[in-house]
Each structure stands twice: as structure tokens, then as C-alpha cells.
Amino acid sequence: MDCPKDKGSEATVACLPDDALEGILSRLRAKPLSRFKCVSKGWCGLIADRLCCCKFPQTLAGFFNGGPGEKYGDFIDLSGRPVPLVDPTFSFLTKAPDIEKIVLLGSCNGLVLFGHRRVSDTYNSLGYIVCNPATEQWVTVPSSGWSTWDDGEDEENQGDVRVEVLDAYLIFDPSVSPHFQLVQVQLGALNSLEEAHNFSSVTGAWKRHEGRSIVDKVWSKCGIYIDSTNSSVGCLFNGMLHLCSYCSSEARNMIVGIDGEGKASKFICGPENCGLIVFMGQSQGLLYCVSVKDPFEMTELSIWVLEDYDAEKWILNHNLSSSQLFGRMQCSLISDVDVVAIHPYHGLVFFFQYRDMKLISYDMDRKEVHDVCTLGHGCCRFVTPYVPYFAESALLAKKR
């Protein structure tokens, strides 16, 4: 390149081809990348265009994984880039003076949800932390008054009558609103739907909804039961949190759609004779679920797609044997494997094998099984997908 030497480094920077710059800048994380906008006008425009293109979630970047307690800090990067897209240790959180103990709970469209408590507490939670790993912004959410998450360290009985509570679900859709919501579901005897709490970043407060206000009069007579064994049975779709449930009077799976206000406003009958739904997720604008006949001794699983949301029309997409997927005649969805994600834009379903510490994918279009990676430790019991969101938000103000 023939760059004028009398103008020093500024001219050299200006003469770098855009392709070379993009190759260099693509290796930087979002936060340091934004700082380089001050180098020159050309860099500013190029970086602004890059961040603008990535403002809304584009694709699945990878998975955060961890385990009970404070075991987190690993990131499975699907792109194979030499430097992780984000800081997997969340040092911008853990080094903050007002952040104590955090537990990874889930993610939604670029935001990650942590449980937050004092180190000295045995079960009283300080609440939650919602953060954006790409911009390293975060905000705390106060406790609703429930002890709603368990880090696996506290085994003491907290009374004769135990109420099961699902981990809080995060609802965030930047294409609709910059605001987020949290939804907690309280379960009573036999996992019956008793109560819900919801938090809105608009009001900054929690609301409590009793069971009768969650479920309308018709469905309250049927008996709605939520599956509390796996957080993968919940997903954001059509602006609502969809949870897998069971209707006792109909003796079949039900999908309950809960809006950001904590009220159930949609009920969808699950596929007939599908067994137990163990996973739900959305891909290419459609709702998918994975079901098994026996989660303890699984010999095969089925993948269904809700072809018509309003007409509740399910189509059986695939029937797969355990030997085809995992190389074993049968396995347990309780202790051996988990369904962890479906790709939002491609026909890929991801599974995690605990025994081999291996993440695998099944390509529904090519009908092929692929090894994604093997983890080097045995503490991983939680894998959550991550789709980056690069826009900064005034709601995540890095303060309590």
C-alpha cells in the first residue's frame, strides 16, 4: 500500500483496506470494539455499521454452561473464533463491590439471568441480576419474597410443607420492546398451578397473581399442572412465555402461554399420544417440542412442530432412537442426557450427554448427528443457549 508517510499513523490507519479491518475487528468483543470508534472517522463508520447490523439478535453464538453453586464461566463458541465473543467469567459482575454470590439461571435474546444472594445466606435471595454480556451492562432485580432458586448446596428442610417454585423465566424481545419481564410460577400439591409473580422493567416492581386470576374459569376446573423437572420446557414464543403443563381432566399435555403480566392467556393442546414433553423451543417462526414415552428408560424420542398455532395443528417431524442419537439402546433424560436448545434459524436440535460430557447436535434436514464439543470437567449440569444482542440499553444501568 502506498500511504503518505508525512501524516503519520492516522494516514496508515486510513489506508488499511476494509476487509483487513473487518478481519481484525471481528476478533474483538463488543465493549472494546466500541472504544475503537475514536481512532478515526473511517473506523467509527465501519464499527458503527458493524454494531448496527448486530443490534438485533442474528444467530446462535454458543452456550453458557455451568453447574450448581458458583460453577459457571465456560462458553461453548459455535463460531470457532480464537477470542470468545463475550467474557464467559462475567468478571464485570463478579468484581463489582455490590455483587455477592450469583447463580446462572437462563438467557433470552441476548440477556442473561442470574440468581443473586448474600454469601452468608442459606436460602434468602437478594433477587436477580439481568445482564447483557455483549455490552457488559447489568441491573439488579429485587427479590419477590420467594426463595425461587436452588444452587444445590442447601439440603435442609425448610418446613413440613414444601412448595415447589420454578426458576424465574426471563422474557425479552428487542424487536417489540426494550423492556424485559421476569415470571415466577409457584406450584402446590402435585405441581398444580397456584400462583405467579411477574416483574416488569417498566414499573420496576413485582405483581402477585393468585391461581384463579392466572387460569380462567374453564381451565381452572380442568386442573393445570406444570412440569417442574426441567427448565427447558419453557420458551418465549409470540411474545408469551410458553410452559409445558398437564391437564388432568383431558389426560394430555397442555401448553400454557403466560404473558408478561403473569396471566395465562393461551392454552394449546399438545400432540396426541406423544408421551411426556421434555423440551420446547422456537425455530424459524415455529414452535417445536420434543417428547418421550419414558424419561427414565428412553429408547426413542419424537420431535414435533406446531404447524398452525391458531388451529393447534401438530406435525410429527422426526422419530429417533436412542442408539441413533447417543449410541445406546436406552438412556435416562433424568441423569444421562438433556435436550438443551434448538437453533433459532436452522433445523438443529442440541443435546448434552452428562456421562461423556459431550454436546451433540441433530440436523433435522440432513438427518445427521454431529459432535459439537466435549467439556473438560464434570461439574456441568446446566447449559443455556446464547444469542448476542449488541445494543446498549438505559435499563441496564450497572447499578442496584
Residue of the set Y128, W206, Y169 for which side-chain hydrogen bond (donor to acceptor under 3.5 Å, both in side chains) holds with Q184: Y128

Quick check: do I129 and V141 have side-chain heavy atoms less than 4.5 Å from each other? no

Donor-acceptor pairs are to be reported for all side-chain atoms of residues 280-288 against protein atoms at under 3.5 Å, with residues two or more places apart or in another chain.
from: S283; atom 1: OG; to: H343; atom 2: O; distance (Å): 2.6
from: S283; atom 1: OG; to: H346; atom 2: O; distance (Å): 3.4

Could you check if a side-chain atom of E100 sits within less than 4.5 angstrom of a side-chain atom of R117, using non-hydrogen atoms only? no

Kindly give the heavy-atom pair with the smallest separation between S322 and E300, and that separation in Å. OG-N, 3.7 Å

In terms of relative ring orientation, are F90 and F64 parallel, tilted or perpendicular, with 30° and 60° separating the classes? tilted

Could you state the interatomic distance from OG1 (T384) to CG (L113), rounded to the nearest 0.5 Å? 9.5 Å

Would L306 and I255 count as a side-chain contact (heavy atoms from CB on, under 4.5 Å) here? Give the steps. CA-CA 11 Å; L306 186 58; I255 310 298; over 6 Å; no

Side-chain donor-acceptor distances from residues 355-367 under 3.5 Å, at least two apart:
from: D363; atom 1: OD1; to: D365; atom 2: N; distance (Å): 2.9
from: D363; atom 1: OD1; to: R366; atom 2: N; distance (Å): 3.1

Just one of F350, Y386, F75 clears the ring pair (Phe, Tyr, Trp, His ring centres under 6.0 Å) bar with F63, so which one? F350

Applying side-chain contact (heavy atoms from CB on, under 4.5 Å), can you list everything that pairs with F296, at least two apart in sequence or on another chain? D294, I334

When you compare the side chain of C131 with that of F114, does any pair of heavy atoms fall below 4.5 Å? yes

Would you say that R328 contacts D336 through its side chain, given a criterion of any heavy-atom pair below 4.5 Å between the two side chains? yes

Keeping S107 on the side-chain end and P385 on the backbone end, is there a donor-acceptor pair under 3.5 Å? yes

Any L78 side-chain heavy atom under 4.5 Å of C373 side chain: no

Tell me whether V202 is reachable from I171 by hopping between hydrophobic residues (I, L, V, M, F, W, Y) whose side-chain heavy atoms are closer than 4.5 Å. no

Determine, stepwise, if the pair C244 / N253 fulfils side-chain contact (heavy atoms from CB on, under 4.5 Å). CA-CA 7 Å; C244 181; N253 290 288; 4.1 Å; yes

Looking only at non-hydrogen atoms, find the nearest pair between V112 and P133 and report the distance. CG2-CG, 3.6 Å

Walk me through it: do L320 and I303 pass the test side-chain contact (heavy atoms from CB on, under 4.5 Å)? CA-CA 8 Å; L320 303 167; I303 301 175; 4.0 Å; yes

Side chains of Y354 and D338: any donor to acceptor distance under 3.5 Å? yes

The single option from L126, I99, D98, V130 that satisfies side chain to side chain contact (heavy atoms under 4.5 Å, CB included) with T140 is I99

Between the side chain of S201 and the main-chain N/O of F180, is any donor-acceptor distance below 3.5 Å? yes

For P295 versus L276, what's the shortest heavy-atom pair and its separation? CG-CD2, 3.9 Å

What I'd like to find out is whether the side chain of V337 reaches to under 4.5 Å of the side chain of M298, using heavy atoms alone. yes

If I take atom CD1 from residue I277 and atom CE from residue M254, how far apart are they, to the nearest 0.5 angstrom? 10.0 Å

Before giving the answer on side-chain contact (heavy atoms from CB on, under 4.5 Å), spell out for L395 and V139 the whole-Å C-alpha distance, their side-chain angles and the decisive distance to 0.1 Å. CA-CA 7 Å; L395 298 174; V139 67; 6.0 Å; no

Could you tell me whether a side-chain N or O of N109 sits under 3.5 Å from a main-chain N or O of V387, the two making a donor and an acceptor? no

Pairwise distance OG1(T135) to CZ(F390) - rounded to 0.5 angstrom: 9.5 Å

Heavy-atom side-chain contact between L316 and S302 under 4.5 Å: yes

Shortest non-hydrogen contact between W304 and S291, atoms and distance: NE1-OG, 3.0 Å

Within a reach of under 6.0 Å around CD of E272, are more than 12 heavy atoms found that belong to other residues, nucleotides or ligands? no

Residue pair F199 / G204: nearest heavy atoms and the distance that separates them: CE1-C, 3.3 Å

Nearest 0.5 Å, please: how far is NZ in K266 from CD1 in I258? 14.5 Å

Between T89 and T94, what is the shortest heavy-atom contact and its length? O-CG2, 4.0 Å

Side chains of I268 and Y309: does their closest heavy-atom pair fall under 4.5 Å? yes

Rounded to the nearest 0.5 Å, the OG atom of S91 sits from the CD atom of E136 at a distance of 6.5 Å

Approximate separation, where rounding is to 0.5 Å, of Q137 CD and L111 CG: 10.0 Å

